[in-house]
Chemist: 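Pasting a structure below so you can have a look.
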Amino acid sequence: MNKKRRLTPKTTYQKMVMGFLILGVLPLMILGLLYYARYHKAVEGVMVDNYIQINEYFAKNTEDTLASVDDAIGRLYDYSNGSDLSFSDALTTAEMHGNQRKMIVHDALRYSMESSPYIASMRFRDQNGEIYSLYIDQEKVLRTDGENFTALRDSSEQGEDLRDLSILETMPEEGICVESDDYVFSLSRNIMDISDIRYAKDRILGTVYADVNIEVLNEMSEKMNVRDGSFYIYNPNLGHYLYAEDEKVYRYEADPLSAWQKEITGETGELRKAGSVLLYRKLTGTDLYSVLLLSRHEMMGSYFQGRALMILILSFVLFVLLLLYMWFSNRLMAPAKQIKAGMEEAQKGNLKARVDIHTADEMEDIADGFNRMAADLERYINRVYVAEIMQRDAELNALRMQIQPHYLYNTLDVIRMTALEQDDPKAARMLESLAFQLRYVMGSHTDRALLGDELKMLEEYFVIMRVRYEDKIALRVDVSKEDRQLWIPKLILQPMVENAIRHGLRPKKDGGTIEIKTNRKDDGLNIIVMDNGVGIEPERLQQVMDLVVDEDISAGVATGDVSVGMKNVYDRIRINCGKAYGYDIESIPGFGTIVTYHLPIWLEEDDDK
């Protein structure tokens, strides 16, 4: 029957994509673009202005620090030791004793250091090469042999006033101090002779160095609380760093501003490059710049910590989108639920179950396919499967008619009586044992047997085996009466006993013994079959067990790597008892083999525990 379809059918996937795009992505994109276009440039401008002010504040604090140290150096000109003897007098009076001069110079340096909280140490070198040093931390000892820190200012430097302040780049403090891990930068100035106005401009008494621990600038940087940027005090003319947060810069292992060096000019500026923003401001009266290097992404990201409005709008849109999606999903899943209900009915055996769906998409195609499948399956069962079962039953009945068990039993009994009449009790006993085994195997069609019956069948089997091997093999059974009343899968012991005789005991010239015993453990029954035969090599045993436990029913059988009986026994135990059960094989070459069956405890024939 042909159904009329719509002119423009839509698949489920197309419906989902269209709904998601129209109801979800499109509104979010529109809102995001509007917000971005309206506020992004303004936000970035505000952020940059804010960081310019922060860098200005850092630069001002640095200038104040340098000015404080410079003022402290200038106080050497104001020093007086209480007897109107100035710093210049102490250095120019030839008659003054050396120790007295040293005391006055040290006192003058201390006087200068105490006027600024930023000075960590001071050194002075006079025209005669004498070096004086003083450290605010009494536990540190200053060195006097560091030429880089105690050289006199060269008066031949072009265009330089001998009285100008010089700022040296940051260096390891170990250059001036014994066993120190700190870093310092120094402010240096020549001290002029002001004792005589005629020489005050040109006569140099010596050079003073005031050392500042870099931690002073580091503490100021931390107070700025700029987590998405780094501060530097930088001389672009020389490529020197007075301050950097990373100590690698002082050890010349890193040069973070090398790419910007030639572009840092003028008093202030703003540079952008490769996702970074660099703000700089020149320190008054120096060649140094206060530089703040920012990641543009992190700079903007920190601003959006307060974007509560945007989050609120997006949350509302997502909530509405979720409601719409649930409504749409319910409409989409309704046909699927109908198909599922129809399948459950078919699974229960009701093959007349049908589903009626008209959605003009894949769900309608699936429903039509299910209806056709159910109808075809019903016809197949009625016409083919039932006929096949009847045919198989007929074949089985014909086969059973060919072999009449009673005729076979009677014939064996006649032969046994004839053997007795001929005075051959051994043959009669073997025929009796064979008849018992045939009755046991063919007489019952159940899958379970009493353990006692299984053991009785083994004992009858051994009647024949002892004759076959001239009484060189023996069977010993140690099983309690209680355990003999337990039910087990039928015919699981005989194949293992047969393998033990064939592969374990037969190769030994003097035969051996097979022992069977049981024990209960953790609500389970263990049946142990032991022989004292030749045993199995570990590699061969591992190969056999791998094939036995293989899920493939025919694993190893076709190639002869494992006997049909062993594989059949293992699979039947797992099918009848569950996958937690089976058997293990242990063997020691030259000593024997142990097969341990792991079975549930069945007190009744139909027990499923």
Chemist: Please find the pair of heavy atoms, one from R272 and one from V48, that lie closest to each other, and give the distance.
Modeler: NH2-CG2, 3.6 Å
Chemist: Locate the shortest heavy-atom distance separating S133 from R123; write the atom from each residue and the value.
Modeler: CB-CG, 3.5 Å
Chemist: Would you please test Y118 and N213 for side-chain hydrogen bond (donor to acceptor under 3.5 Å, both in side chains) and show each step?
Modeler: CA-CA 8 Å; Y118 307 114; N213 195 309; over 6 Å; no
Chemist: A quick test of your reading: do over 12 heavy atoms of other residues, nucleotides or ligands sit less than 6.0 Å from CD1 of I588?
Modeler: no
Chemist: Tell me if a side-chain donor or acceptor on S186 pairs with a main-chain N or O of S188 at a distance below 3.5 Å.
Modeler: no
Chemist: When you check the gap from the basic side-chain N to the acidic O, do D71 and R75 get nearer than 4.0 Å?
Modeler: no
Chemist: Keeping S68 on the side-chain end and D64 on the backbone end, is there a donor-acceptor pair under 3.5 Å?
Modeler: no
Chemist: Can you tell me if K273 uses its side chain to pair, donor with acceptor, with the backbone of A259 under 3.5 Å?
Modeler: yes
Chemist: Could you give me the CA-CA distance, side-chain angles and deciding distance for T207 and N190, then say whether side-chain hydrogen bond (donor to acceptor under 3.5 Å, both in side chains) is met?
Modeler: CA-CA 4 Å; T207 304; N190 285 335; 2.7 Å; yes
Chemist: Nearest 0.5 angstrom please: L293 CG to L279 CG, how far?
Modeler: 9.0 Å
Chemist: Using only atom types and a distance under 3.5 Å, with no angle test, would you say the side chain of S121 pairs donor to acceptor with the backbone of Y135?
Modeler: no
Chemist: Look at the aromatic rings of Y289 and Y280 and report parallel, tilted or perpendicular, splitting at 30° and 60°.
Modeler: perpendicular
Chemist: Kindly give the heavy-atom pair with the smallest separation between N61 and M220, and that separation in Å.
Modeler: CB-SD, 3.3 Å
Chemist: Compare every heavy atom of L292 with every heavy atom of G229, then report the nearest pair and how far apart it is.
Modeler: C-CD1, 4.3 Å
Chemist: If you measure from NE2 on H106 to CE on M113, what distance do you get to the nearest 0.5 Å?
Modeler: 11.0 Å
Chemist: Quick one: pull up CG in L187 and CD1 in I73 and give me the separation to the nearest 0.5 Å.
Modeler: 5.5 Å
Chemist: Sub-3.5 Å donor-acceptor pair from the side chain of S116 to the main-chain atoms of A72, do we have one?
Modeler: no
Chemist: For S221 and N218, run side-chain hydrogen bond (donor to acceptor under 3.5 Å, both in side chains): C-alpha distance rounded to whole Å, both residues' side-chain angles, the deciding distance at 0.1 Å, then the answer.
Modeler: CA-CA 5 Å; S221 172; N218 199 40; 5.1 Å; no
Chemist: Please name the pair of heavy atoms, one in L76 and one in L109, separated by the smallest distance, quoted to 0.1 Å.
Modeler: CD2-N, 4.2 Å
Chemist: Are Y241 and D255 linked by a side-chain donor-acceptor pair shorter than 3.5 Å?
Modeler: yes
Chemist: Quick one: OH on Y77 to CG on D193, what's the gap to the nearest 0.5 Å?
Modeler: 9.5 Å
Chemist: Given Y234, which partner from the list L242, L288, I264 fulfils the side-chain contact (heavy atoms from CB on, under 4.5 Å) test?
Modeler: I264
Chemist: Between E267, E56, E270, which is the residue that forms a salt bridge (Lys or Arg N to Asp or Glu O under 4.0 Å) with R281?
Modeler: E56
Chemist: Is any NZ, NE, NH1 or NH2 atom of the basic residue among E130 and K102 found under 4.0 Å from an Asp or Glu carboxylate oxygen of the other?
Modeler: no
Chemist: Going by an N to O cut-off under 4.0 Å, is there a salt bridge joining D126 and R101?
Modeler: no
Chemist: Treating N50 as the side-chain partner and M47 as the backbone partner, does any N or O pair qualify as donor plus acceptor under 3.5 Å?
Modeler: no
Chemist: Taking all atoms of both residues into account, what is the closest heavy-atom pair of L238 and Q261, and its distance?
Modeler: C-NE2, 4.3 Å
Chemist: Report the distance from atom CD1 of I233 to atom OH of Y243, rounding to the nearest 0.5 Å.
Modeler: 8.5 Å
Chemist: Do other residues, nucleotides or ligands put more than 12 heavy atoms under 6.0 Å from D49 CG?
Modeler: yes
Chemist: I'd like to know if the side chain of E63 and the backbone of T284 have a donor-acceptor N/O pair within less than 3.5 Å.
Modeler: yes
Chemist: Between D522 and G524, is there a donor-acceptor pair closer than 3.5 Å when you use the side chain of the first and the backbone of the second?
Modeler: no
Chemist: Give a yes or no on whether the ring-centroid distance for Y79 and F87 is below 6.0 angstrom.
Modeler: no
Chemist: Using the ring centroid of each side chain, check whether Y583 and Y570 are separated by less than 6.0 Å.
Modeler: yes
Chemist: Rounded to the nearest 0.5 Å, what separates atom CD1 in I214 from atom CD in E219?
Modeler: 11.0 Å
